[in-house]
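Index from 1, following the sequence.
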Amino acid sequence: MDGYDTTFTAPLMSNLAISRSYRRKGLAESLVKATELIAQKEWGYDDVYLYVEKRNAPAVKLYKKLGYRTLWEDDSATTLLPMKDGKVANGKTTIVCMKKRLGGGLFGSLFG
């Protein structure tokens, strides 16, 4: 990933998954907020990062609503895709790296 800074000085969230039957119930938002609280209150971090696949539009929308801002995108990434026969195959995807400044109020979200 030439040109992208992948060195983080704060926690990185990745692979948050909610079963289809439990989506749209606020669980993902609750998990993200709980993670942010632990990162800030227990671990002492002011920032958190996350990776999300760009094609996961509902997740990207949620993260933006929660104050995350896009840092970079990697359109050369790969992911595992489930196949009908139960196997998995590699597929292309775009990974979005997002960042949120914790506890900064309105200005922390705007400038973090």
Side-chain angles (χ1 to χ4, degrees):
M1 289 191 342
D2 294 334
Y4 299 110
D5 182 4
T6 57
T7 306
F8 299 104
T9 57
L12 170 70
M13 286 187 278
S14 182
N15 299 323
L16 172 64
I18 304 293
S19 176
R20 287 188 196 280
S21 60
Y22 290 96
R23 292 180 187 163
R24 309 284 308 155
K25 299 180 187 302
L27 294 174
E29 184 171 344
S30 293
L31 285 170
V32 171
K33 287 180 177 181
T35 301
E36 293 171 354
L37 188 65
I38 290 168
Q40 184 180 34
K41 301 294 183 190
E42 293 185 25
W43 298 344
Y45 287 98
D46 295 322
D47 301 309
V48 288
Y49 296 84
L50 63 81
Y51 288 156
V52 61
E53 289 190 44
K54 187 174 184 175
R55 67 178 165 203
N56 189 346
V60 172
K61 183 178 178 181
L62 170 66
Y63 298 139
K64 286 182 177 180
K65 178 184 114 175
L66 294 175
Y68 287 81
R69 300 293 175 250
T70 299
L71 293 178
W72 50 259
E73 295 183 7
D74 177 9
D75 60 1
S76 66
T78 59
T79 189
L80 294 176
L81 300 170
M83 307 302 288
K84 290 183 180 181
D85 63 3
K87 296 180 182 179
V88 293
N90 281 320
K92 290 187 59 76
T93 193
T94 298
I95 295 295
V96 180
C97 178
M98 303 179 87
K99 175 184 177 182
K100 179 177 178 180
R101 184 98 175 133
L102 300 174
L106 173 65
F107 292 109
S109 295
L110 289 175
F111 301 109

Measure the [atom1]-[atom2] distance between [X] and [Y] for me, rounded to the nearest 0.5 Å.
{"X": "Asn15", "Y": "Glu53", "atom1": "CG", "atom2": "CD", "value": "9.0 Å"}
{"X": "Ile95", "Y": "Ser14", "atom1": "CD1", "atom2": "OG", "value": "7.5 Å"}
{"X": "Leu71", "Y": "Arg69", "atom1": "CG", "atom2": "CZ", "value": "11.0 Å"}
{"X": "Thr9", "Y": "Tyr49", "atom1": "OG1", "atom2": "OH", "value": "4.5 Å"}
{"X": "Arg101", "Y": "Gln40", "atom1": "CZ", "atom2": "CD", "value": "9.5 Å"}

Among the clusters formed by ILVMFWY side chains lying less than 4.5 Å apart, do [X] and [Y] turn up in the same one?
{"X": "Trp72", "Y": "Leu12", "value": "yes"}
{"X": "Tyr63", "Y": "Tyr45", "value": "no"}
{"X": "Met13", "Y": "Ile38", "value": "no"}
{"X": "Val32", "Y": "Tyr22", "value": "yes"}

Heavy-atom pair of closest approach, residues [X] and [Y]:
{"X": "Leu66", "Y": "Lys100", "answer": "O-NZ, 2.7 Å"}
{"X": "Lys87", "Y": "Asp85", "answer": "N-OD1, 3.0 Å"}
{"X": "Lys92", "Y": "Asp75", "answer": "NZ-O, 3.6 Å"}
{"X": "Asp47", "Y": "Ala10", "answer": "O-CB, 3.0 Å"}
{"X": "Val60", "Y": "Met98", "answer": "O-CE, 4.5 Å"}

Practice task
Take Thr35 and Val48 through the side-chain contact (heavy atoms from CB on, under 4.5 Å) test and state the conclusion after the steps.
Solution key: CA-CA 9 Å; Thr35 301; Val48 288; 5.8 Å; no

Any side-chain heavy atom of [X] within less than 4.5 Å of one from [Y]?
{"X": "Arg55", "Y": "Thr94", "result": "no"}
{"X": "Val52", "Y": "Tyr68", "result": "no"}
{"X": "Leu31", "Y": "Ile18", "result": "yes"}
{"X": "Asn90", "Y": "Leu80", "result": "yes"}

Exercise for the section: Apply the test side-chain contact (heavy atoms from CB on, under 4.5 Å) to residues Lys54 and Thr93: give CA-CA distance (whole Å), side-chain angles for both, the deciding distance (0.1 Å), then the verdict. Expected result: CA-CA 8 Å; Lys54 187 174 184 175; Thr93 193; over 6 Å; no

